[in-house]
Each structure stands twice: as structure tokens, then as C-alpha cells.
Asks: 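Below is a structure I'd like to ask you about.
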2 protein chains.
Amino acid sequence: MSIQQRRERERAQRHQLIITTARELAEAEGWDAVTTRRLAERIEYSQPVLYSHFANKDAIVAAVAVEGFADLGEALHAARTGAGSPAEALAATLRAYEGFAERNPALFDAMFTLAIDLPFGTADSPAVLKRAFGELLAAFEPWAGEQDPETFTEVGWSALHGLVVLARSGRLRPDQRDQRLAILVDRFTTA
Amino acid sequence: MSIQQRRERERAQRHQLIITTARELAEAEGWDAVTTRRLAERIEYSQPVLYSHFANKDAIVAAVAVEGFADLGEALHAARTGAGSPAEALAATLRAYEGFAERNPALFDAMFTLAIDLPFGTADSPAVLKRAFGELLAAFEPWAGEQDPETFTEVGWSALHGLVVLARSGRLRPDQRDQRLAILVDRFTTA
DNA sequence: TCTCATTCCTAGCGCAGCTAGAATTGCAGA
DNA sequence: TCTGCAATTCTAGCTGCGCTAGGAATGAGA
């Protein structure tokens with residue numbers, strides 16, 4: 001019984017080690033550098049061990065993405081609850097989202113570009129995803145007016161996300177970043 | 001002299017054939033199906049011929065993306081100039097953008113996910129990119145108010161783009177699509 | 001100490017992007 | 001018309017990818 005438990009514990013540790021190592025490697029050298037061979041080498045096991053934990057490489061990326069959403073949720077929560085007025089809370093939340101994407105580019109890629117199959121907006125979406133969206137909802141809700149708060153938040157989130165995505169791929173003028181965020185806040189806080 | 005001209009003409013035709021074939025194959029089976037081998041087979045030349053036209057596979061994808069921006073620019077122009085009031089023009093332009101992404105998913109991927117290195121927002125960005133942005137600028141400008149029109153448009157474009165990107169990856173509730181677009185228009189047309 | 005199930009690794013499959021060097025083609029001058 | 005040469009194109013193969021079959025090693029229980 002105890003032996004079984006130890007084995008399961010060690011297995012769980014190795015599971016987490018794979019995720020953490022993939023994340024570190026991706027953040028250090030980009031996702032192209034995260035090959036099953038290099039990953040196996042880093043965790044000091046052979047390649048097939050990876051496949052005893054995950055169905056395929058995409059599943060590893062998805063696991064990293066879920067971690068990312070957890071971190072993002074925390075970052076948004078800290079920013080939002082640390083602000084004074086609702087207006088400041090919204091601005092702080094948006095800045096936190098932007099900062100998160102900037103500080104964790106590879107993680108952001110995993111969350112929004114690579115891990116396409118994460119169940120979102122459905123009943124069985126991971127709790128961390130719901131929590132991250134919940135933070136945005138709390139930030140946008142005060143200005144929803146007559147609109148459905150969730151739909152209103154989806155639009156606000158999209159605007160924010162679009163800014164981040166287009167900016168990081170060099171589609172927007174870098175020097176106007178803060179100005180753009182100010183316009184966004186203005187658009188969503190005025191009736 | 002004339003022989004040289006014929007050769008250059010044939011080369012240009014083959015260049016275009018590669019781009020068109022890549023685009024068709026991607027739209028039919030997704031970009032994963034666009035391998036240099038399959039592409040070579042379709043154009044009825046050997047693999048190395050591709051590399052006499054493009055530095056690598058990414059360059060082929062980028063060429064497809066540029067075509068996509070040209071098409072998008074046309075679609076936006078048609079939608080915008082076909083509408084009556086500025087408000088209708090904006091709504092029509094946004095719908096056209098959304099429709100374009102929906103009708104050409106692989107092309108949209110090439111433009112915004114795969115071809116990362118296209119020079120944007122700089123002096124040497126291709127004319128087609130500027131034209132597409134110009135259409136958005138014309139659509140958003142009437143509501144820029146005190147804001148710099150270009151920056152205002154960047155925010156509007158981001159909001160639109162975010163909606164499309166998050167929706168197509170299943171991050172937003174499908175049934176609220178039109179409602180979201182209505183909210184977006186509302187946010188950017190009210191002072 | 002032996003048996004056997006579990007765990008893990010070695011080796012290799014098919015396919016990817018890409019390229020070196022051979023083979024072919026077709027123009028130009030005799 | 002024939003020959004030499006330069007440009008073009010192809011054959012063959014390199015390295016590295018995700019993934020897996022099957023054998024070796026490990027360790028708990030009899």
C-alpha cells in the first residue's frame with residue numbers, strides 16, 4: 001500500500017517535472033526548441049517516458065497552457081483587487097494582462113496559439129480558465145450597462161487580447177502602446 | 001534578349017503557381033498538409049525548384065499571406081464603399097473582416113499566425129498591408145474624436161481582430177457572435 | 001532465492017525541411 | 001549541323017522530428 005503510494009507520488013512529481021521543464025525550455029529558447037528528445041534529455045529519462053504521462057506532445061503544451069491560465073488568473077486578481085476605484089481596477093487588470101504576455105511570451109503562445117483544443121466557454125472547461133475569465137468579468141462588469149455582462153466582457157477581453165496579439169507580432173506602432181490602452185479604457189468606461 | 005524574357009516570364013508564372021498551389025492546398029487540407037514534397041508534386045517539379053524561388057518554406061507562407069492582405073483589402077473596400085452612412089460603413093467593414101476570416105481560415109492563419117516576419121507599420125511594409133489598414137482607418141476615422149485617428153484605428157482593429165481570433169479558437173460563446181459585434185460598434189461609435 | 005509483473009530503454013519507422021552533386025537541357029559559336 | 005558550355009532541374013541523401021514496438025532491467029511477493 002505504502003509502496004504504491006510512493007510510486008504514485010514519484011509519478012506525479014515526474015509529471016510536474018515534464019511540464020515545468022517544457023515551460024522553462026520554451027521560455028528560454030522558444031517552442032521550436034522543445035522537442036521530445038531535448039525534453040527527455042533534460043528530465044533525464046528516455047523519450048517514451050513522456051508518452052506514459054501524455055498522449056502526445058500537444059498534450060504537454062496544453063498542460064503548460066493550463067498552468068499559464070492559472071498564473072494569469074492570479075496576476076489579474078492581484079492587479080484588480082490592489083486598485084482603488086473600479087476604473088483603476090479595470091486599468092490595472094488590463095495592464096496586468098499586457099504585462100503577463102510581455103513577460104511570458106512562450107507561455108502566452110502555448111495558451112493562445114499552440115493549445116487550440118483547450119475546452120473554453122463550456123461546462124467542462126478547466127477551473128483555472130473560468131477563474132481567469134472571472135477576473136476580467138469582475139473588471140468589466142461595472143460598465144456593462146444594459147448589456148449582458150459576460151458578452152460585454154468577451155468584447156472587452158477581445159479588444160485587450162487583440163492589442164496584445166497584434167502588438168507582439170509587430171503589427172502596431174510600438175511607441176503608441178500606452179496611448180492605445182488609454183483609448184481602450186476610455187471606450188469601455190464611457191456610456 | 002527575347003529568350004531571356006520568355007525565361008523570366010515562365011519563371012514568374014511558376015513563382016505564382018507555387019503561391020497559388022500552396023494557398024489552395026492549405027485551404028483544402030490545412031497548413032500541416034502543405035509540405036515541400038506535396039507542394040512540389042502538385043506543381044509537377046522537384047523539391048529543390050521551390051528553393052530556387054523562395055529561401056525556405058516560411059517565405060512561401062509569407063507570400064501567401066501577402067496575397068491574403070491584398071484580398072482582405074479589396075473585401076474591406078467593397079464593404080465600406082458599398083454602405084450608406086459612416087455608421088453602416090463601419091459595421092459593414094467589421095462584418096467583412098469577420099467574414100473574410102471565416103471563409104479563408106488557412107489564409108487568415110498565414111496572415112496572422114504563421115507569417116510573423118512580415119514588416120508592418122514601418123516604411124517598408126508592403127503596399128497591400130498599408131491598403132488594408134487604410135480601409136480600416138477610413139472606417140474608424142469618423143469616430144476618432146480628439147484621438148489620433150491612426151491610434152484610434154489600431155485599437156478598433158485590435159478589438160475586431162481579438163473577437164475573430166478568440167472566437168475561431170473556441171474561446172468565446174458561438175451564439176453571441178452578432179451581439180458582440182453590435183457591442184463593439186456601439187463602443188466605437190459613441191463619444 | 002526464484003517468479004513475474006511493472007517500468008524503462010534501445011532501436012527504429014515514416015516523414016519533415018533542406019541541400020550537394022550528378023544529369024539533363026538547350027543556347028551559342030564553328 | 002555539330003560541339004562545348006552554362007544554366008536548369010533532378011536524384012539521392014542528410015539531419016532531426018514525433019512516435020512506438022519489443023526487449024532488458026528492476027523490484028515486490030511467494
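Note on naming: letters A, B, ... go to the chains in the order of the sequence lines (proteins, then strands), and numbering restarts at 1 for each one.
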Asks: Does a donor on one side chain and an acceptor on the other come within less than 3.5 Å for A/E67 and A/Q16?
Replies: yes

Asks: Less than 4.0 angstrom between a side-chain N/O of A/T35 and OP1 or OP2 of D/dC17, yes or no?
Replies: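 Yes, because at least one side-chain N or O of A/T35 sits under 4.0 Å from OP1 or OP2 of D/dC17.
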
Asks: Do we see a donor-acceptor contact under 3.5 Å between the side chains of A/Q176 and B/T151?
Replies: yes

Asks: What is the distance, to the nearest angstrom, from the NZ atom on A/K57 to the P atom on D/dC19?
Replies: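 Whole-Å distance recorded here is 8 Å.
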
Asks: So, does the side chain of B/R37 form a donor-acceptor pair with the base of C/dG17 at under 3.5 Å?
Replies: yes

Asks: Go through residues 23-33 of chain B and report each residue with a non-hydrogen atom lying under 4.0 Å from DNA chain C, sorted by number.
Replies: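 By residue number: none to list.
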
Asks: Would you please name every residue forming a ring pair (Phe, Tyr, Trp, His ring centres under 6.0 Å) with A/Y45, sequence neighbours left out?
Replies: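 Testing A/Y45 for ring pair (Phe, Tyr, Trp, His ring centres under 6.0 Å), a comparison that skips the adjacent residues, returns none.
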
Asks: Mind calculating the distance between CG (A/N56) and C1' (C/dG14) to the nearest angstrom?
Replies: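 After rounding, the gap between these two atoms is 17 Å.
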
Asks: Kindly write out the residues that satisfy ring pair (Phe, Tyr, Trp, His ring centres under 6.0 Å) with A/F152, not counting sequence neighbours, or none if the list is empty.
Replies: A/F188

Asks: Hey, could you give me each pair passing side-chain hydrogen bond (donor to acceptor under 3.5 Å, both in side chains) that has a residue in residues 82-95 of chain B? Not counting sequence neighbours.
Replies: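 Sorted pair list comes back empty.
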
Asks: Compare side-chain N and O positions of B/T36 against OP1 and OP2 of C/dG17 and report whether any pair is under 4.0 Å apart.
Replies: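 Yes.
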
Asks: How many whole angstroms separate atom CD of A/Q13 from atom P of C/dT7?
Replies: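 In whole Å, C/dT7 P lies 16 Å from A/Q13 CD.
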
Asks: So does A/R173 pair up with B/E150, basic N to acidic O under 4.0 Å?
Replies: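 Result for this pair is yes, salt bridge flagged.
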
Asks: Between D/dT8 atom P and B/E10 atom CD, what is the distance in whole Å?
Replies: 11 Å

Asks: Can you give me the closest heavy-atom contact between B/S158 and A/A159, atom names plus distance?
Replies: CB-O, 4.0 Å

Asks: May I ask you to evaluate whether A/R14 reaches the phosphate of C/dC8, defined as a side-chain N or O under 4.0 Å from OP1 or OP2?
Replies: yes

Asks: Give A/R38 one of three labels, base, sugar-phosphate or nothing, depending on what nucleic acid heavy atoms sit under 4.0 Å from its own.
Replies: nothing

Asks: Taking ring pair (Phe, Tyr, Trp, His ring centres under 6.0 Å) as the definition, give me every residue that meets it alongside B/H53, ordered by chain and number, with sequence neighbours left out.
Replies: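 Partners of B/H53 by the ring pair (Phe, Tyr, Trp, His ring centres under 6.0 Å) criterion, ordered by chain and then number, come out as B/H15.
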
Asks: Under 4.0 Å, heavy atom to any atom of DNA chain C: which of residues 39-54 of chain B qualify?
Replies: B/Q47, B/P48, B/Y51

Asks: Thinking salt bridges, do B/E98 and B/R180 make one under a 4.0 Å N-O criterion?
Replies: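 Judged by the 4.0 Å cut-off on N to carboxylate O distance, B/E98 and B/R180 do not form a salt bridge.
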
